[in-house]
Amino acid sequence: MKNNQLIGSAYWRNLLTRILIVVGTIALIVWTMPRDNENNYKIEVGKPWRYADFTAPFNFPIYKSEQVVQRQRDSLLREFEPYYNLDPTVEGRQIKQFTKDYANGIPGVPSECIAVIINQLHQLYGKGIMNTSEYNSLHADTSKTIRIVDGKSASSEPVKELYSTVGAYEQLFANPVLSEFKEQLTKCSLNDYILTNLVYDKERSEASQDDMLGNIPLASGVVQRGEKIIDRGDIVDERAYTILQSFYRENERRQKDDVQLSLVILGEILYVSILILGFTIFLWNYRRDYFEKPRSMSMLYALIALFTVAASILVSHNVLHIYIIPFGMVPIFIRVFMDSRTAFMAHTMMVLICAAILQHPLEFIAVEEVAGLVAIFSLRELSSRSQLFWTAVLISGSTILINLSLNWIRDNDITQIDYSEFNYLFINGLLLFCSYPLLYIMEKAFNFTSNITLIELSDMNKELLRRMSEVAPGTFQHSIQVGNLAAEIANKIGAKSQLVRTGALYHDIGKTTNPIYFTENQAGMNPHDGKTYVESAQMLISHVTEGLKLADKYNLPQVIRDFIATHHGLGKTKYFYVKQKNDFPDEPVDDLLFTYPGPNPSTKEQAILMMADAVEAASRSLPDYTEQSIRGLVNRIIDTQMDEGYFRECPITFRDVQYAKTVLIEKLKTIYHTRISYPELKK
């Protein structure tokens, strides 16, 4: 009951993990997708329109250019009359103060001058006095007028008819009577009685100015929905340029509308969800082993999200061409760690998502799909570093050629081709050369093992393999022979030959701890003679646990550790198990003491290694090597393994098993063929 609960808990936990990966990928992609439909076309006046025929999808005004609107604004502002409020209290207050201050007259000045000064002040205030700085800025335009508000009435007055505070003071002494006594009057500080009685009305002026500028028409016409704007190949003239810019401006305005924005987001969620869920259904139906492993799903969806987000950021900021992103890395990584079909499906989903954020997606889809196909075809079997180099070269060359062909189809004049895109494709090719170092990062991040790593592990100079060849030469030769047999079977049934060959080299690495207890390393004395059957069985079983310890010590990949653990499965050390039962028939036998820790094989490659290992070891004990004896041995061992259920948990078919038998029989016949005896020379 408890085990069932644990299994159920693990199932729901894994299911939740997969759901979070899928939903998280969709959310991240949608969150970063641009929503302003920014102009990604390159529009130049006097150049041909390089894209498809363009028809108005909705009604929109033909907006005037910023320069035209600014000229109209400047023209209106020159005619604009700012508002000034007349303060009638200033005149009375200042004249009253002057009369009070000089009630006894001004020393050295006739008394009648007092009346003249008062009359002059009255005339100056009657004309209007402004702040000197404001007056100077307005007086630069001699035709400038202002609106003077006096109570409920307003009148237009030319600025040149008004006075500044400085001008009013000078005008005071323009009177011939006062000019004779200017020296005495300047000592009276008459400028203290000249203040501004015209005050700028900022609120009313700005409101009037906004109303006036708001009446400027921003559009000079309307384009009707369905109206053709420009055909491919037409020269972009001033009018077409203005209409295209108007379309982008109106489209951007619409996108900022809350309803429109909500619709855009909903469409993006629906579009991305359909593609991502479609890819998920593909994995569930056709690649269930990837679907059930969180690390496999994490890598697949992380690659799709990473490159899609990069494309969205690039398009949103409009800094570089999207062709600079090396999308070909995605099928490279997936092909190396998984398979061609999954690589193609993931790459196609990613390209279709990225196409949704572009204004001209068809060329992008064509170029990137070709890049993905070339990557997949060129990495059918990764066996050397140079393959990644040539893959980058082939991807770069094919994308440049396909883009060139599209340009030739689209343009009938070779001089009109925009070659700037080829620069980005060339940089794209250079970035693809980073695939090799990034491959190592991917291996460590998601715990995968590439063929290059397997080839490196197969190097006989590796410390573990060199040590095995020195202390357990029989086991070393056995491992090499098993690797050859297993690789042949893998090639025949479509399994991973390099993986099973490398696994075979390390599967018995635990025997290096006590090599003398294994028959292939014995020469004369048998150390089992002094031990009980249980002790001997435990010594044999220990080579699995010791092998796993060595694998941990030397950081061998998990796939290699799985070969060490599963090459005997949950089988028994039958020699000592049978001897125990035969010699002690009345004593109960604890089967666990004679059983390997397992588990049983869970992959096709592990099943192949189990078959090859058992057959190769047993073949050494055959009394004679005839076709009949070899065939009987192979059939008996593999049929026994199948009957005991070792292959129930791995995806190997009866057809695969039959092919494996055939390969083993033919290879063993070749290995153990009868040699002719050479005659001796008679003397």
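It should be emphasised that the depicted structure is a prediction, and the values quoted were computed from it without experimental measurement.
- Heavy atoms only, all atoms of each residue included: M299 and M338 are closest at CE-CE, 3.6 Å.
- Atom CD1 in I560 sits 11.5 Å away from atom CG in L464 (nearest 0.5 Å).
- Looking only at atom types and distance, the side chain of E443 has no donor-acceptor partner in the side chain of T449 under 3.5 Å away.
- Minimum heavy-atom separation, A375 to G328: CB-O, 4.1 Å.
- Atom NZ of K661 has more than 12 heavy atoms from other residues, nucleotides or ligands within 6.0 Å.
- When the shell of 6.0 Å around OH of Y659 is examined, it contains 12 or fewer heavy atoms from other residues, nucleotides or ligands.
- When every heavy atom of F422 is checked against every heavy atom of I400, the shortest pair comes out as CE2-O, 3.4 Å.
- Separation of atoms CD1 (I452) and OH (Y436) is listed at 5.0 Å; rounding is to 0.5 Å.
- The environment of F389 atom CZ is dense: over 12 non-hydrogen atoms of other residues, nucleotides or ligands sit within 6.0 angstrom.
- No donor-acceptor pair closer than 3.5 Å links the side chain of R501 to the backbone N or O of A487.
- Closest approach of A490 and I608 over heavy atoms only: CA-CD1, 3.9 Å.
- Looking at heavy atoms from C-beta onward, V500 lies out of side-chain contact with K496 at the 4.5 angstrom threshold.
- Residue S435 holds its OG atom at 5.0 Å from CZ of F333, rounded to the nearest 0.5 Å.
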List the steps, then state whether ring pair (Phe, Tyr, Trp, His ring centres under 6.0 Å) holds for F327 with F364.
CA-CA 11 Å; F327 291 101; F364 171 78; 5.5 Å; yes
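- A pairwise comparison of heavy atoms in L556 and Y506 identifies CD1-CD2, 3.8 Å as the closest pair.
- Using a 3.5 Å distance cut-off with no hydrogens or angles, the side chains of N14 and T17 do not pair a donor with an acceptor.
- With N428 contributing its side chain and L425 its backbone, the two residues share no donor-acceptor pair below 3.5 Å.
- Counting heavy atoms from C-beta on, the side chains of M442 and L303 come closer than 4.5 Å.
- Under 3.5 Å, the side chains of Y301 and T280 contain a donor-acceptor pair of N or O atoms.
- A salt bridge links R287 to D339: at least one charged side-chain nitrogen sits closer than 4.0 Å to a carboxylate oxygen.
- At most 12 heavy atoms of other shown residues, nucleotides or ligands fall within 6.0 angstrom of atom CZ in R73.
- Between F344 and M349, every side-chain heavy-atom pair lies at or beyond the 4.5 Å cut-off.
- Side-chain contact between L485 and V663: absent, with no pair of heavy atoms (C-beta onward) separated by less than 4.5 Å.
- Put simply, CG on L306 and CE on M350 are 10.0 Å apart, with the number rounded to the nearest 0.5 Å.
- For the pair I322 and L314, the tightest heavy-atom approach, listed with the atom from each and the gap, is CA-CD2, 3.9 Å.
- Using bins of under 30°, 30° to 60° and over 60° for the plane-to-plane angle, the ring pair F446/F448 lands in the tilted bin.
- No donor-acceptor pair under 3.5 Å is formed between the side chain of S273 and the backbone N or O of L270.
- A donor atom on one side chain and an acceptor atom on the other are found under 3.5 Å apart for Q498 and T502.
- M297 CE to K293 NZ: the interatomic distance, rounded to the nearest 0.5 Å, is 13.5 Å.
- No side-chain N or O of N484 forms a donor-acceptor pair with one of E488 less than 3.5 Å apart.
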Walk me through it: do Y323 and Y424 pass the test ring pair (Phe, Tyr, Trp, His ring centres under 6.0 Å)?
CA-CA 6 Å; Y323 282 160; Y424 294 109; 8.4 Å; no
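- Other residues, nucleotides and ligands contribute more than 12 heavy atoms inside 6.0 Å of the OH atom of Y554.
- The line from CD1 of I652 to OG1 of T603 is 9.0 Å long, rounded to the nearest 0.5 Å.
- Side chain of S398 to backbone of I395: a donor-acceptor contact under 3.5 angstrom is found.
- S396 places no side-chain N or O within donor-acceptor distance of the main-chain N or O of V393, the cut-off being under 3.5 Å.
- Residues S378 and W390 fail the side-chain proximity criterion, which asks for heavy atoms closer than 4.5 Å.
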